[in-house]
Amino acid sequence: MRPGRNRGWLLRLVIAFSFAQGAVSMARPAVSYRALALGADERAIGVIAGVYALLPLFAAVPLGRRTDRGRCAPLLPVGVVLIAGGCALSGLANSLVTMAVWSGVMGLGHLSFVIGAQSLVARQSAPHEHDRNFGHFTIGASLGQLVGPIAAGALIGGPDMARTSALALVVAGAGAAVAFTSLWRIERPVDPDPRTGQGERVPVHRILRTRGVPGGILISLAVLSATDILTAYLPVVGEDRGIAPSVIGLLLSLRAAATIACRLVMTPMLRWLGRTALLTVTCVLGAVLCAGIAVPVPVWALALMLAALGFCLGVGQPLSMTTVVHAAPDDARSTALALRLTGNRLGQVAAPAAAGLVAGVAGVAAPFVMLGALLLVSAGIALRSPVAPARGSGGKERSTGRRGSRIGAVLSRKRDI
């Protein structure tokens, strides 16, 4: 079957991704609450959050290479099994070490699902459908990130935090398993690409030395680290300030809703500011807002800051993706995106560990000041990142007319969670 026919597979993929991402978004704060109930301090929370990204750190590029040469769909059920098992077994674990292990399994499952799903969208969509289909695909991630924290907040609370957080993790595992119902006949045979298997693979070191690729990776790393630490440490801040878990869940979902709103107005913002200016402005504003979370403020003020922060953080991931895609060699774009994902996972390992050390020394709100500094560095990198026009499949550059609308359409393709 040629790409572009029957799009029922895309709807099923969006549904499956909604449940998978919702389970992960529900489990991440639940893991923090359960670890706190088991006696974890700020450093231990940082280590557990970092282990979530440890296995994916080493697996991203090999899995990306594999999907370039073979089928995509087998990664989807494998990812669902690992997510569901990691969530449920984290809820049944009675030690911090065991929780960290199952958190890593959950992270590996999420990576497997995302790489398989994104590759599937790229392969089964006609060239003129990529922008639209990737945009539809990201709806699954947004829905999961919106619903997951609310569900966690609704279940976690009361005097027995260990029991309610364990329940939330088991429910998250069951929610992930629902994704299986949408994975039937999701990959169809397509006409082979005549370029597949021709020539040698572009070495990783050559991709990383391509101007623009390192900058895009570092910006993506910083923005995702901010989102990840916000998810892991906002429950700790809530415990310190006496904010109920249900309210924390609503605040995290508010952040996700603001990110969705950002995606909806991405194209007019690009037309108004351009990619470099938009990246720089949102990174600077994000830095100020992250630092503001460290200040004890009323819940309503915290909600406003998180909404604005979610809007700013919604820009960095898609724009850094287009930066990498435009800069990478034409025959190594998938590998370059996998390297970007590896950078994201490296940030998810290093940033929570650093946040745990900072929190242990300077208090639970200090990691947000650290994130502010990281985002300021990202703003400087954004100013130096080249804004190259997208190249066509034949290697020719497209006309720069109507640049904003084209780039804006590309932005909705893909987002690392």
Minimum heavy-atom distance between [X] and [Y], given as atom pair plus value:
| X | Y | result |
| --- | --- | --- |
| C283 | S378 | SG-CB, 3.9 Å |
| A166 | R34 | CB-NH1, 3.6 Å |
| L230 | P235 | O-CD, 4.4 Å |
| I48 | A35 | CD1-CB, 3.9 Å |
| S165 | I156 | CA-CG1, 4.0 Å |
| E239 | L36 | CG-CD1, 4.0 Å |

Between [X] and [Y], is any pair of side-chain heavy atoms under 4.5 Å apart?
| X | Y | answer |
| --- | --- | --- |
| Y52 | V24 | yes |
| V265 | F311 | yes |
| V170 | C87 | no |
| L155 | T164 | no |
| M99 | V51 | no |
| M305 | C290 | no |
| L89 | M106 | no |
| I15 | S18 | no |

Gap separating the [atom1] atom of [X] from the [atom2] atom of [Y], nearest 0.5 angstrom:
| X | Y | atom1 | atom2 | answer |
| --- | --- | --- | --- | --- |
| F368 | L309 | CZ | CG | 9.0 Å |
| S103 | L96 | OG | CG | 11.5 Å |
| I248 | L234 | CD1 | CG | 4.0 Å |
| I293 | L371 | CD1 | CG | 8.5 Å |
| L278 | T282 | CG | OG1 | 5.0 Å |
| Y33 | L169 | OH | CG | 12.5 Å |

Checklist entry - How far apart are the C-alpha atoms of C312 and L289, what are their side-chain angles, what is the distance that settles it, and do they pass the side-chain contact (heavy atoms from CB on, under 4.5 Å) test? => result CA-CA 9 Å; C312 292; L289 291 164; 4.3 Å; yes
Checklist entry - Under 6.0 Å between the ring centres of F17 and F113? => result yes
Checklist entry - Who pairs with P77 by side chain to side chain contact (heavy atoms under 4.5 Å, CB included), at least two apart in sequence or on another chain? => result F180, L183
Checklist entry - Counting N and O atoms only, with roles assigned by atom type, does the side chain of T181 sit under 3.5 Å from a partner on the main chain of V178, one being a donor and the other an acceptor? => result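 Yes.
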Checklist entry - Is a side-chain donor or acceptor of T210 paired with a backbone partner of V213 at a separation under 3.5 angstrom? => result no
Item to check | Partner set under side-chain hydrogen bond (donor to acceptor under 3.5 Å, both in side chains) for S25, not counting sequence neighbours | outcome: Q21
